[in-house]
Amino acid sequence: MSFPLLTATAALPAIGAIATAAVPAARRTAAKWLALLVSLATLALAVVVLVRFDPDGDRYQLTESHSWIKDFGVRYELGVDGIAVALIALTALLIPFIILAGWHDADPLETHSSRWRPTQGFFALILGVEAMVIISFEATDVFLFYIFFEAMLIPMYFLIGGFGDRAHAGSDEHAAAQRSYAAVKFLLYNLAGGLIMLAAVIGLYVVAGNFSLQAIAEARANGSLDMATNTERWLFLGFFFAFAVKAPLWPLHTWLPNAMGEATAPVAVLITAVVDKVGTFAMLRFCLQLFPEASKWATPAILVLALISIIYGALLAVGQRDIKRLVAYASISHFGFIIMGIFAMTSQGQSGATLYMVNHGISTAALMLVAGFLITRRGSRLIADYGGVQKVAPVLAGTFLIGSLATLSLPGLAPFVSEFLVLIGTFARYPVIGIIATFGIVLAALYTLVLYQRTMTGPVKPEVSAMPDLKVRELAVVAPLIALLIFLGVYPKPLTDIVNPAVKQTMSDVHKKDPKPEVEAAK
């Protein structure tokens, strides 16, 4: 038997989480270093997965299959395609930076020494989320995917509710109440989506007799599994609803600004750059592959919802006074672009959507983590409390500017390629949707540049006059992310070579071909 590489990639952070939680209470620094080393080892395994994956080979590679619950046909089945490989690499890449950025976020509060913040638990929960996200990207058994799709909610609940942002206006009691509200709202929304999905998973088993993604897809392709139209549509809606909550898609988005606003900056990155990607990934892997006809049936409605997300999220970002909530609403707009690209049903749109998942993760991590460093120094999330920061902390301001420019998809930075492909793919089949969506770009320029202007330029406010610039640890977090944004913006080919074959196979699942350009015949 070959080495179970995919299992190892998911199991290592899970084991690391247990080991980190078991570190004695007085050894906080040792727990941090252990978590960081485990995350780096997981990144090394993810690189091995990336190197061993052959984009021109079989659709699912490095597969593992073992009987799990035999009586119900549940198997432990893993396999990765190009889309999953890219997202596993993104997850494994971001976790070390999240750990480094949150190095002191769970230390005991100096002003409240009696209130103990369990450092070991904080880093153990981050590693636990990483393990569950990775195996969600690897699972090719629907029931196995569902288990971890839901299980990751528990550590995220404690990360949001138990380790909130210290830069919170108001009393400690008010801050704790706000954190509790955000955590409960996050949990209830996602549990509601998960319960509806569970009903759809059971319905799929009743119809197909097993939970194997590959077996069901093959049976549908060769005609041995003929699913009634209404049945397929109801099952599709059950899956899609859960993924739309996780993504999130308007109007199921309202939990995200609360969660990101109340969480620490590294946990906010974990939410939107890592966990939420499971929702958009699952739309590609499960909705389109299992329910191709229902996916085409629902496309017009989903495109309208995605378009609303793009414009609505951008408009609300323009009006925000809180830095972290601004980034949250910007992310809602970006997820609208991703979902629009998926359901444009063109190879350019789906390639762009997959690239967008990766590039949005990197750009949001860069912007939010720098914003977190800024907020920690000033002790406030309000934009109005800043001004003139670039004169006292030029490196911090410069990295904040690059992160902001990446958020508005400036040419030369990675998100531009993604957004361009999504729009091209949408224009090709739905020109009106594509035209309206471009207004989201204009609004993105408005909210990001106004944010930079109000916080970084102008007279230096007395409260920021002594603000220190980025430290070595903080530069180690931000510099690689900035470098990746520039590299993938100038040369995205390594990423497109991995995802394009998988996108072509997804297009084949839904029996769609790219529309031919309408060229007027020469007279």
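Keep in mind that the numbers below use all heavy atoms, side chains included, and drop hydrogens, waters and symmetry copies.
Put simply, the side chain of S333 never gets that close to the backbone of G313: no donor and acceptor are under 3.5 Å apart. Checked by atom type and distance alone, the side chain of E130 never pairs as donor or acceptor with a backbone atom of P13 at under 3.5 Å. The main-chain N or O of G425 is found under 3.5 Å from a side-chain atom of T346 such that the two form a donor-acceptor pair. Counting only distance, with no hydrogens or angles, the side chain of T364 and the backbone of G361 share no donor-acceptor pair below 3.5 Å. Judged by distance alone, with hydrogens and angles left aside, the side-chain atoms of R233 form no donor-acceptor pair with the main-chain N or O of A294 at under 3.5 Å.
Across all non-hydrogen atoms, the minimal contact from G193 to V245 is CA-CG2, 4.5 Å. The two residues A328 and L256 make their nearest non-hydrogen contact at O-CD2, 3.9 Å. Listed here is the closest heavy atom pair of A14 and A131: N-CB, 3.7 Å. For the pair A200 and G238, the tightest heavy-atom approach, listed with the atom from each and the gap, is CB-CA, 3.9 Å. Among all heavy-atom pairs drawn from A444 and T448, the shortest one is O-OG1, 2.7 Å. Nearest heavy atoms, S309 versus W250: OG-N, 2.8 Å.
Within 6.0 Å of atom CH2 in W234, 12 or fewer heavy atoms from other residues, nucleotides or ligands are found, so the atom counts as exposed in its surroundings. Taking a 6.0 Å sphere around CH2 of W68, one finds it holds more than 12 heavy atoms contributed by other residues, nucleotides or ligands. Counting non-hydrogen atoms of other residues, nucleotides and ligands closer than 6.0 Å to CZ of F158 gives a total of 12 or fewer.
Take T254 and apply the side chain to side chain contact (heavy atoms under 4.5 Å, CB included) test, not counting sequence neighbours, and it matches K185, Y189. Qualifying side chain to side chain contact (heavy atoms under 4.5 Å, CB included) partners for A298, counting only residues two or more places apart in sequence or in other chains: F236, I302. For the ring pair (Phe, Tyr, Trp, His ring centres under 6.0 Å) test, residues two or more places apart in sequence or in another chain that qualify with F420 are F416. Residues passing the salt bridge (charged side-chain N to carboxylate O under 4.0 Å, His left out) test with E293, sequence neighbours excluded: K296. Qualifying side chain to side chain contact (heavy atoms under 4.5 Å, CB included) partners for N210, counting only residues two or more places apart in sequence or in other chains: S212, A215, I216. Partners of S351 according to the side-chain hydrogen bond (donor to acceptor under 3.5 Å, both in side chains) rule, which considers only residues two or more places apart in sequence or in another chain, are N500. By the side chain to side chain contact (heavy atoms under 4.5 Å, CB included) test, S67 is found to be paired with K70, R75, residues two or more places apart in sequence or in another chain being considered.
Taking 4.5 Å as the limit, some side-chain heavy atom of E138 sits within range of a side-chain heavy atom of I134. Residues P415 and L485 meet the side-chain proximity criterion, which asks for heavy atoms closer than 4.5 Å. Considering only heavy atoms from C-beta on, M197 stays 4.5 Å or farther from F241 through its side chain. Looking only at side-chain heavy atoms (C-beta outward), L153 and F186 come within less than 4.5 Å of each other.
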If you look only at distance, which donor and acceptor atoms sit under 3.5 Å apart when one is on a side chain in residues 42-56 and the other is two or more places apart or in another chain?
| unit_1 | atom_1 | unit_2 | atom_2 | d |
| --- | --- | --- | --- | --- |
| T42 | OG1 | V38 | O | 2.9 |
| D54 | OD1 | D56 | N | 3.1 |

Can I get a per-line list of side-chain donor-acceptor pairs under 3.5 Å for residues 278-286, giving both atom names and the distance, sequence neighbours left out?
| unit_1 | atom_1 | unit_2 | atom_2 | d |
| --- | --- | --- | --- | --- |
| T280 | OG1 | K277 | O | 3.2 |
| R285 | NH1 | F137 | O | 3.0 |
| R285 | NH1 | A139 | O | 2.9 |
| R285 | NH2 | G79 | O | 3.4 |

Counting only pairs under 3.5 Å, give me each side-chain donor-acceptor contact of residues 90-101, with atom names and distances, residues two or more places apart or in other chains.
| unit_1 | atom_1 | unit_2 | atom_2 | d |
| --- | --- | --- | --- | --- |
| T91 | OG1 | L87 | O | 2.9 |

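Evaluation of the side chain to side chain donor-acceptor pair (under 3.5 Å) test over residues 402-424, restricted to residues two or more places apart or in two chains, returns Y356-E419, N359-S418, S409-E419. Sorted by first and then second residue, the salt bridge (Lys or Arg N to Asp or Glu O under 4.0 Å) pairs with a member in residues 487-506 read K493-D497; sequence neighbours excluded.
Proximity of the aromatic rings of F240 and F343 is defined here by a centroid distance below 6.0 angstrom, and this criterion is met. H360 has its ring centre less than 6.0 Å from the ring centre of F335. Side-chain rings of H253 and Y312 approach one another, their centers coming within less than 6.0 Å.
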Inset, instruction - Please step through side chain to side chain donor-acceptor pair (under 3.5 Å) for the pair T7 and Y76, ending with a clear verdict. - result: CA-CA 10 Å; T7 294; Y76 177 81; 2.7 Å; yes
Inset, instruction - Would you please test L36 and F123 for side chain to side chain contact (heavy atoms under 4.5 Å, CB included) and show each step? - result: CA-CA 9 Å; L36 180 60; F123 293 102; over 6 Å; no
Legend entry - CA sep, side-chain torsions, deciding dist, call: F211, Y205, ring-ring contact (aromatic ring centres under 6.0 Å, His included): CA-CA 6 Å; F211 293 105; Y205 175 76; 4.8 Å; yes
